[in-house]
Amino acid sequence: MEAGLDKKGVYRFGGKQMFNDWLNLLVKLSENGYTTKDFICPECGQKSVESVYVGDPVTRIGYLPAWCSSCNRGIQISRVEIPQGVHMLEFGDLEGIKNTIPNFKQIIPSKKQEWRRKNNG
């Protein structure tokens, strides 16, 4: 199966739900010392996954984009707690954000997945 939206609006590649594959990858981030070194992109299979926290240095709350520098696809998780000691860009560092995070194609869950998550279904 080629990458793309299926009939139900779920982004799929090789029969897998890409959003969930990316989420599972980010779950492993803490186990890997908050580095994406050796992470394999669920889209293209390359070891070129990158991520950086962006947030408020006082509250350590922000968001986490993760992308593949080979195929330019990834996800962004909002409202995350940024662990102490982990590198982050500050919200106000627009130049740093622009120079670090590419304009990648975001994989998003389908509307049905969002409804299930919100309704514990």
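Numbering of residues begins at 1 and proceeds along the displayed sequence.
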Between the CD atom in Gln106 and the CH2 atom in Trp22, the distance rounded to the nearest 0.5 Å is 11.0 Å

Rounding to 0.5 Å, atoms CD (Gln76) and OG (Ser51) come to a distance of 11.5 Å

Between the CD1 atom in Ile75 and the CG atom in Asp21, the distance rounded to the nearest 0.5 Å is 10.0 Å

_Please check if the number of heavy atoms outside Asn103 that lie under 6.0 Å from its CG is greater than 12._
no

Check: Cys41 and Cys71 side chains under 4.5 Å, non-hydrogen atoms: yes

In short, salt bridge (Lys or Arg N to Asp or Glu O under 4.0 Å) pairs touching residues 50-64 with sequence neighbours left out are none

d(Thr100 OG1, Glu95 CD) to nearest 0.5 Å is 9.5 Å

Apart from Ile97 itself, members of its ILVMFWY cluster (side-chain separation under 4.5 Å) are Val52, Val54, Tyr63, Trp67, Leu89, Phe91, Ile101, Phe104

Check: Between Asn32 and Lys28, is there a donor-acceptor pair closer than 3.5 Å when you use the side chain of the first and the backbone of the second?
Finding: no

d(Ile61 CD1, Arg79 CZ) to nearest 0.5 Å is 5.5 Å

When every non-hydrogen atom of Ile82 is compared with those of Tyr53, the smallest separation belongs to CG1-CD2, 3.5 Å

Heavy-atom closest pair (Val80 atom, Leu64 atom, distance to 0.1 Å) is CG2-N, 4.1 Å

Shortest non-hydrogen pair, Pro57 vs Met88, comes out as N-CE, 3.8 Å

Tightest non-hydrogen contact, residues Gly45 and Ile40, listed as O-CG2, 3.4 Å

Close side-chain approach of Thr36 and Leu29, heavy atoms under 4.5 Å: yes

Rounded to the nearest 0.5 Å, the CD atom of Glu43 sits from the OG atom of Ser48 at a distance of 11.0 Å

